[in-house]
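Heads up, the thing below is written out as structure tokens.
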Amino acid sequence: MDYVFTGKNKQPKNSNSNSNNSPNNQGEFNNSIEKDLSKNLETIKTMLGNPDDLVVRETLVGNTNSKCAIVYMNGLTNTDLVNNNILKAV
């Protein structure tokens, strides 16, 4: 079963709803993950209302051409832990 995010609640998706990751006129979103990182990041930003305290750190994984991103809310996250334990490991 597919779900959509409406406000704070995750609700079952109606069969006649949009099936893409763009918000429809009720503010609903498909919660599927795309292969394109930038599309996923834009969906996250849009779903959260593009807040000023949302931090998105994009980086390459090791010595590869694979991209990844760390997404967190500034003020709710210990940035030293993110920098020292997550980003250095990637």
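Considering OG1 of T59 and CD1 of I86, their distance stands at 12.5 Å, rounded to 0.5 Å. Rounding to the nearest 0.5 Å gives a distance of 7.5 Å between SG of C68 and CG of L87.
Between E58 and L37, the closest side-chain pair of non-hydrogen atoms falls below 4.5 Å. Taking the side chain as every heavy atom from C-beta outward, I44 and L48 approach each other to under 4.5 Å. Looking only at side-chain heavy atoms (C-beta outward), K67 and L60 come within less than 4.5 Å of each other. The side-chain heavy atoms of R57 and V71, taken from C-beta on, include no pair separated by under 4.5 Å.
None of L54, T79, D53 except one satisfies the side chain to side chain contact (heavy atoms under 4.5 Å, CB included) rule with Y72; the exception is T79.
No donor-acceptor distance shorter than 3.5 angstrom exists from the side chain of N50 to the backbone of K45, with no hydrogens or angles considered. Using a distance-only test at 3.5 Å, with no hydrogens or angles considered, a donor-acceptor pair links the side chain of T64 to the main chain of V61.
Under a hydrophobic clustering in which Ile, Leu, Val, Met, Phe, Trp and Tyr are joined whenever their side-chain heavy atoms come within less than 4.5 Å, directly or via other members, V55 and L81 fall into different clusters.
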